[in-house]
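Data first, discussion second: the structure below is written as structure tokens.
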Amino acid sequence: MAKRIDVSGLTAYYGSHKAIEDISMTVEPRSVTAFIGPSGCGKSTFLRTLNRMHEVTPGGRVEGKVLLDDESLYGPGVDPVAVRRTIGMVFQRPNPFPTMSIYDNVAAGLRLNGAYRKSELDGVVEKSLRGANLWNEVKDRLNKPGSGLSGGQQQRLCIARAIAVEPQVLLMDEPCSALDPISTIAIEDLIGELKEQYTIVIVTHNMQQAARVSDRTAFFNLAAIGQPGKLIEIDDTERIFSNPSVQATEDYISGRFG
Amino acid sequence: MSNAVLDTSPVDSADRGSDSLRHARLPRWAPLGIAVLSAALGSAVGLVADLSSKAQWGLIAALLFVGITFALTTAVEGVRQARDRLATSLVWVCFIAALVPLASLVWETVVRGIGLLDGYFLTHSMSGLRDLQPGGGVYHALIGTVQQVGLAALIAAPIGLLTAIYLVEYGGGKLARAVTFFVDVMTGIPSIVAGLFVLSFWIILLDFGYSGWAGAMALAILMMPIVVRSTEEMLKLVPNELREASLALGVPKWRTILKVVLPTAIGGITTGVMLAVARIAGETAPVMLLVFGAASINNNPFEGPQSSLPYFIWQQFKAGNQYAYDRAWAAALVLIGLVMLLNLLARGIARWKAPKAGR
């Protein structure tokens, strides 16, 4: 189910502002890749280029190539809607649909994409909620609104919603930054389980988190405010945190940044 | 500026003295007491000076209230608290000044209109009656208002809704800016101009007769910009994160708008449409020009003259005798009741449809 992502020479713009420049990397299937780096270095922008969410922002524009198992995401005739069905995304702030119940939130991706039988939906909803470690907490109140859950539960609900459409890749944009440590642990455990089936990319400001959950880590940096962000290096997480090949990475990780 | 701050700081600390957190305070009932006192003084001055207008009494009382509050607080609590109370009392005075016309309008209409308002009045027309005679009713006008406003809403609500969706979800270029500009211009169109436009186009140029439908078209022109503006604001309130969450699930944009954005905003949109309906329900000018007015019941809005509540009120008032005046007041009460009913309905729908936060 999981697929590899190959990025080469990717540059992204907001209008005339160049946000990230010339990024090339490979994201391995069935593994967790973490993006770290200071604020404004383009981690989130880069993440959003991977499922064509960047162009949703007014003025958003991308140059370069992104291959998903040899299939170009930005090729002519590629439907961004199909890309996003294949590559799911979890956002920084939990954003369940406020008009929908817990059940409907999880079923949203399938239901909004076409007709499904009720019995089929029931199965998918339970499987996704179990997959997101939320089933036991919500199984008795599936018809209550999703916005009534706690922040950590809401975020797991969003993860359940994302995996319900069975994507190949799951992109997570600082999924724990709005959560307390206990919810964070729950999500991190979940990431560990999900990587058996999915390719996972996670943006995080928490370096311990990157060290805990990821197999490979990419460090992004920018030369100065207003300059485009660049990929400094990507390597096995262990190497990045013990013996990085670039001085700037070591400075950032050890807190000697700036 | 910074000098001034520096200058006052020694005074401040001296002011705090030994017991720095406690201040002399006016008792809790002081504002109410001052209000009663000012009202009494205002009335007394009014009586003594033989001022005929009650508005003058009120003005004097209001000025006294603000002045006494400020003076008393300055003496007891100090300058900063006095400024605070000054602002508070001004807000109260303005609030009451805004309420007085509203309350007196409703009171006046109810008192004068309730006498005639009964089942007979609501179910009979003025057919065969002259304005000089007693009796008759408002049914023909009620039917006219409901049909004309309903038709206008049927035209204006979908167009306004779709325009707002275009502006918020798809617009951004020159076309959107132009549409926004013209919607703003349309908001300012006087109702008589909208009526004249439909008159010259529909009745004079295309040679159709007077009808409720012609009036509904003019009302729709008046209603459309209000619907666009209110819907636009409501759609802008929908967090972008919800749109992104839906798009990231691989849901096409049009389904995202239909299934996520609109349901989230539906409460506010309904309220906006209902307010627009309430606004056009009171329009007289287009009805005078296009619907012509009628004394008898006409259930077909597409053919022949009709009446409407505002038109009926105007026409009865113009008749200028006591029976007609009574009918005008009762019809005004019916109109206010109708609009209030619509508003309550809208609020009910908004509350029912609003995103629930319960557990």
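The sequence lines fix the lettering, A, B, ..., with proteins before strands; numbering per chain opens at 1.
- Atom OH of B:Tyr170 has more than 12 heavy atoms from other residues, nucleotides or ligands within 6.0 Å.
- By the 6.0 Å contact criterion, CD on A:Glu71 is open, its count of non-hydrogen atoms from other residues, nucleotides or ligands being 12 or less.
- Contact record, A:Val81 with B:Pro252: CG2-CA, 3.9 Å, taken as the closest heavy-atom pair.
- Within 6.0 Å of CD1 in A:Ile182 there are 12 or fewer heavy atoms belonging to other residues, nucleotides or ligands.
- For the residue pair A:Pro98 and B:Thr264, the shortest heavy atom distance occurs at CG-CG2, 3.9 Å.
- Around the CZ atom of B:Phe201, the shell of radius 6.0 Å holds no more than 12 heavy atoms that belong to other residues, nucleotides or ligands.
- Looking at B:Thr256, neither its backbone nor its side chain comes within 4.5 Å of chain A, counting heavy atoms on both sides.
- In this structure, chain B has no heavy atom under 4.5 Å from any part of A:Pro80.
- Counted within 6.0 Å of NZ on B:Lys259, heavy atoms from surrounding residues, nucleotides or ligands total 12 or fewer; the atom is thus considered open.
- Heavy atoms from other residues, nucleotides or ligands lying under 6.0 Å from NZ of B:Lys253 number more than 12.
- More than 12 heavy atoms of other shown residues, nucleotides or ligands fall within 6.0 angstrom of atom CH2 in A:Trp135.
- By a heavy-atom distance cut of under 4.5 Å, not one residue of residues 223-237 of chain B is near chain A.
- Between B:Ala248 and A:Asn51 the shortest heavy-atom distance is CB-ND2, 4.5 Å.
- Under the 4.5 Å side-chain criterion, counting only non-hydrogen atoms from C-beta, B:Leu242 is in contact with A:Phe97.
- Using non-hydrogen atoms only and a strict 4.5 Å limit, the part of residues 85-95 of chain A facing chain B consists of A:Arg85, A:Ile87, A:Gly88, A:Met89, A:Phe91, A:Arg93, A:Asn95.
- Taking the charged nitrogens against the carboxylate oxygens, B:Glu244 and A:Arg84 have no contact shorter than 4.0 Å, which rules out a salt bridge.
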